[in-house]
Amino acid sequence: MSKDGKVRVRFAPSPTGALHIGGAHTALFNWLWARRSGGTFILRIEDTDALRSTAEYEDTIMAGLKWLGLDWDEGPDIGGEAGPYRQSERMDLYRKYADQLLESGLAYREDDAVIFKTPVGVNLVLDDAIYGEIKIQSEKASMSPDGSVKDIVIIKRDGMPTYNFAVVVDDHEMDINWVIRGEDHISNTPKQMLIYRALEWETPNFAHLPMILGKDKKKLSKRHGATSVFEYNDMGYLPDSVFNFLALLGWAPGGGVEIFDRGTAAKSFELSKVIKKPAVFDMDKLNFVNQEHLKIMDPAIKKKIVEPFWAELGLHPEKHSEQYLMDALTLMGARGRTTNELAMFSDYFVDFSPVKERYDASEISPEQRDTLKKFFALFMSIPKWKSQEMEAFARNWCETNGASLKEIALPLRWALTGRKVSPGVFEVAQLLGPDECRLRLKHFNFLD
RNA sequence: GGUCCCAUCGUCCAGCGGUCUAGGACACCGCCCUUUCAAGGCGGCGACACGAGUUCGAACCUCGUUGGGACCGCCA
């Protein structure tokens, strides 16, 4: 524990790519663990791979975390007492401790590198908060493929520390007391424990998270499609949903609750309740979670989020009032599982053009058209332009003319929306307003 | 090949020795509602990998088998 006993965790990505799903998952659980207890969440950039690290990637990662709503308390952009927060800016620290290891004879030089001698015969016990006790012999902590013991490089020939050395130094120096990371790091942990031991430092608590797998049950990677969190934004997923969905991978708040916000998750989060089994990333479930969040989202916020998707479709939401667009989305209800779909399915509220493109006159026979013309002529002169009035009028008319509601509701929907599917057609008509309805019906020759 | 890890419906989670003829959610399939489609309601399909133990009793404990995964870089 840190001096004041509070949780100090960190998310330590290397800026060699965008924030991907696996990283986001790890960051999320670190964040939850910090937030549930008023702890500190630190962002540390592990840029010791000078060739592949870029400032752009560092920015994308930070943007990705912000998008997900994972805010950090200390980091390269905001500083903090334990800074600097980029490993490339902490070189003196690594050198200092490498020298210490050199002096104590636990490490040696080879070329320009510093190599830690892997001890033999030490029993290591990793007490993982999720995986339980994992025992391993020190000589097995670092091996070559042929099974021989391998010493551990801690400073590379280019003077940069290796990952296994830098993490240990930084986690110790930054007073990190919980190391929460992916399960793929379990095999690295013994190596790191050896370094803690050599430097006579106390090890932090460890918690390894189950991997996230693709449908083929292999570690999630580029070939599984979307990897960057921003791709999910582009596909129409809300940050709230991605957060919610990711939190559900390996953990559940209990009580059958599946839809929740960040605060609720943080309140009930428990590392000990995280399961060990790797989880398959299931798009169907993400879609469901997204739809649920869309349902409970404030209309004003929803409108703001959907607007760019309408624009993307070549529509012009800016010509409508905020209220109109909000009403349209409210009317849409749970139709559409992504903001992308929602924008698409509601395009006729924004512009008439997509309706014209979709409309096919052959859907309606000449005889039908004659009947419909008679109906619409009366329909348009309804005194009160209210959906209930329209429906009552339509039902009444159908009854006296021996027609079914379908016979007029379907063509009306077709002419107004260019779709076979929409919210209640009279509500759509009400919102579009009499002028717009007249215009559309006229255009398709349902009115003279 | 070596080291380590994992193992409940197709998928995500419940279960932590008896209340399990194993529960919920997603997906899928029916039915209802209905001007369409969602939503909603009701119902269905569907799993403790296998084998030995331990125990009065095992999805839960132990061992083995099988299957899957991760890691074995002067990448992180």
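Quantities reported herein were computed from a predicted structural model and do not represent experimental measurements. Residue numbers start from 1 in every chain, and the chains themselves are labelled A, B, ... in the order their sequence lines are given, proteins ahead of strands. What's counted below: heavy atoms across the whole structure, side chains too, no hydrogens, waters or symmetry copies.
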(message) Strictly by Watson-Crick or wobble contacts shorter than 3.5 Å, is anything paired with B:rC37, and which nucleotide is it?
(response) none
(request) Would you mind classifying the nucleic acid contact of A:Ile155 as base, sugar-phosphate or nothing, using non-hydrogen atoms under 4.0 angstrom? (result) nothing
(message) Whether A:Arg52 and A:Asp47 form a salt bridge (side-chain N of Lys/Arg under 4.0 Å from carboxylate O of Asp/Glu) is what I want to check.
(response) no
(message) Taking B:rG46 as the reference, what is the distance to B:rC12 when you measure between their C1' atoms (whole Å, please)?
(response) 15 Å
(request) Go through the steps for A:Arg358 and A:Asp347 under the test salt bridge (charged side-chain N to carboxylate O under 4.0 Å, His left out), then give the verdict. (result) CA-CA 11 Å; A:Arg358 283 192 295 263; A:Asp347 57 1; 2.7 Å; yes
(message) Going by purine N1 to pyrimidine N3 plus the second Watson-Crick contact, or the G-U wobble pair, all under 3.5 Å, which nucleotide sits opposite B:rG46?
(response) none
(message) Taking B:rG23 as the reference, what is the distance to B:rC9 when you measure between their P atoms (whole Å, please)?
(response) 14 Å
(request) Report yes if a side-chain nitrogen or oxygen of A:Arg395 is closer than 4.0 Å to either non-bridging phosphate oxygen (OP1 or OP2) of B:rU35; otherwise report no. (result) yes
(message) Checking the side chain of A:Asp298 only, and the main-chain atoms of A:Ala300 only, is there a donor and an acceptor separated by less than 3.5 Å?
(response) yes
(message) Within the 4.0 Å heavy-atom criterion, would you say A:Thr162 contacts the bases, only the backbone, or no part of the nucleic acid?
(response) sugar-phosphate
(message) Taking 4.0 Å as the cut-off, does a side-chain nitrogen or oxygen of A:Arg109 come that near to OP1 or OP2 on B:rC74?
(response) no
(message) Just N and O in the side chain of A:Ser144: are any of them under 4.0 Å from OP1 or OP2 of B:rG2?
(response) no
(request) Look through every strand shown and name the nucleotide pairing with B:rC16 as Watson-Crick or G-U wobble, where both distances are under 3.5 Å. (result) none
(request) May I have the distance from A:Leu213 (atom CG) to B:rC12 (atom P), rounded to whole angstrom? (result) 8 Å
(request) Please state how far atom CG in A:Asp146 lies from atom C1' in B:rU3, giving the value in whole angstrom units. (result) 13 Å
(message) Nearest heavy atom decides the nucleotide; on that basis, is A:Gly147 or A:Arg413 closer to the 5' end of RNA chain B?
(response) A:Gly147
(request) For A:Ala334, report the nucleic acid contact type (base, sugar-phosphate, nothing); a contact means any heavy atom under 4.0 Å. (result) sugar-phosphate
(message) Please pick, from B:rU3, B:rA38, B:rA76, the nucleotide with the shortest atom-to-atom distance to any side-chain atom of A:Lys140.
(response) B:rU3
(message) Please give the distance between the C1' atoms of B:rC26 and B:rG44 as a whole number of Å.
(response) 16 Å
(request) Side chain of A:Met143 only, please: which of B:rA7, B:rC74, B:rU3 is the nearest? (result) B:rU3
(message) Please classify the nucleic acid contact of A:Leu248 as base, sugar-phosphate, or nothing, using heavy-atom distances under 4.0 Å.
(response) sugar-phosphate
(request) Could you tell me whether A:Val280 contacts a base, only the sugar-phosphate backbone, or nothing, with contacts defined as non-hydrogen atoms closer than 4.0 Å? (result) sugar-phosphate
(message) Distance check, C1' atoms only: B:rU3 and B:rA22, in whole angstrom units.
(response) 36 Å
(request) Evaluate the criterion salt bridge (charged side-chain N to carboxylate O under 4.0 Å, His left out) for residue pair A:Lys285 and A:Glu258; output intermediate values, then yes/no. (result) CA-CA 11 Å; A:Lys285 186 81 175 210; A:Glu258 288 200 294; 2.9 Å; yes
(message) Less than 4.0 angstrom from a charged side-chain N to a carboxylate O is my criterion; do A:Lys96 and A:Glu173 meet it?
(response) no
(message) Please compare A:Met160 and A:Lys285 by the position of their nearest nucleotide in RNA chain B and report the one closer to 5'.
(response) A:Lys285
(message) Under 4.0 Å, heavy atoms only, any strand: does A:Glu258 hit a base, just the sugar-phosphate, or nothing?
(response) base
(request) From the options B:rG24, B:rG40, B:rC37, select the nucleotide whose nearest atom is closest to the side chain of A:Lys295. (result) B:rG40
(message) Quick check for you: among B:rC72, B:rA76, B:rU36, whose closest atom lies nearest to any side-chain atom of A:Val421?
(response) B:rU36
(message) Among B:rC4, B:rC13, B:rC37, which nucleotide has an atom closest to any side-chain atom of A:Ala279?
(response) B:rC13
(request) Starting at atom CD of A:Glu270, determine the distance to atom C1' of B:rA14, rounded to an integer number of angstrom. (result) 17 Å
(request) Take atom NZ of A:Lys191 and atom P of B:rA70, then tell me their distance rounded to the nearest Å. (result) 16 Å
(request) Could you tell me whether A:Leu286 contacts a base, only the sugar-phosphate backbone, or nothing, with contacts defined as non-hydrogen atoms closer than 4.0 Å? (result) nothing
(message) So that I can tick it off, tell me whether A:Arg369 and A:Glu367 are bridged by a salt bridge, with the cut-off set at under 4.0 angstrom between side-chain N and carboxylate O.
(response) no
(request) Under 4.0 Å between any heavy atoms, over every strand shown, what does A:His208 touch: base, sugar-phosphate, or nothing? Just pick one. (result) nothing
(message) Measuring only the P atom in each nucleotide, how far is B:rA25 from B:rG67? A whole number of Å is fine.
(response) 35 Å
(request) Salt-bridge test for A:Lys117 and A:Asp151: reply yes if a basic N is under 4.0 Å from a carboxylate O, no otherwise. (result) yes
(message) Work out how far the C1' atom of B:rA49 is from that of B:rG10, and round it to whole angstrom.
(response) 16 Å
(request) Return the nearest nucleotide to the side chain of A:Lys150; candidates are B:rC74, B:rA76, B:rU35. (result) B:rC74
(message) Determine whether a donor-acceptor pair (N or O, by modelled atom type, separation under 3.5 Å) exists between the side chain of A:Glu110 and the backbone of A:Ile115.
(response) no
(request) Using a heavy-atom cut-off of under 4.0 Å over every strand shown, decide if A:Ile275 touches base, sugar-phosphate, or nothing. (result) sugar-phosphate
(message) Let's see if you can work this out: which of B:rG69, B:rA27, B:rG24 has an atom nearest to the side-chain heavy atoms of A:Lys218?
(response) B:rG69
(request) In whole angstrom, give me the gap between the C1' atoms of B:rC71 and B:rG30. (result) 48 Å
(message) Over all strands shown, is A:Asn188 touching base, sugar-phosphate only, or nothing at heavy-atom distances under 4.0 angstrom?
(response) base
(message) If the threshold is 4.0 Å, N to carboxylate O, is there a salt bridge linking A:Glu436 and A:Arg438?
(response) no
(request) Determine the contact category for A:Lys217: base if any of its heavy atoms lies under 4.0 Å from a base atom, sugar-phosphate if only primed atoms, P, OP1 or OP2 are that close, otherwise nothing. (result) sugar-phosphate
(request) Return the nearest nucleotide to the side chain of A:Ile186; candidates are B:rG10, B:rC4, B:rC6. (result) B:rC4
(request) Starting from P on B:rA39, measure out to CG on A:Leu331 and report it in whole angstrom. (result) 17 Å
(message) What is the separation between atom CH2 on A:Trp251 and atom P on B:rC13, rounded to the nearest whole Å?
(response) 12 Å
(request) For the side chain of A:Asp111, starting at C-beta, report the closest nucleotide among B:rA76, B:rC74, B:rA7. (result) B:rC74
(message) Please report the distance, rounded to the nearest Å, between CD in A:Glu183 and P in B:rC6.
(response) 8 Å
(message) Using a strict threshold of under 4.0 Å (side-chain N to carboxylate O), is an ion pair present between A:Arg86 and A:Asp170?
(response) no
(message) By the 4.0 Å heavy-atom rule, please label A:Gln291 as base, sugar-phosphate, or nothing.
(response) sugar-phosphate
(request) Determine the contact category for A:Arg419: base if any of its heavy atoms lies under 4.0 Å from a base atom, sugar-phosphate if only primed atoms, P, OP1 or OP2 are that close, otherwise nothing. (result) nothing
(message) Counting only side-chain heavy atoms from C-beta out, which of B:rU3, B:rU35, B:rC9 sits nearest to A:Leu405?
(response) B:rU35
(message) In whole Å, I'd like the distance from the CD1 atom of A:Ile408 to the C1' atom of B:rU36.
(response) 13 Å
(request) Take atom P in B:rG64 and the same atom in B:rC5, then report the distance between them in whole Å. (result) 12 Å
(request) Any strand is fair game: report the nucleotide pairing with B:rA7 by Watson-Crick or G-U wobble, both distances under 3.5 Å, or none. (result) B:rU66
(request) Indicate, with a heavy-atom threshold strictly under 4.0 Å, whether A:Pro145 touches base, sugar-phosphate, or nothing. (result) base
(request) Just name whichever nucleotide pairs with B:rG2, Watson-Crick or G-U, keeping both distances under 3.5 Å, else none. (result) B:rC71
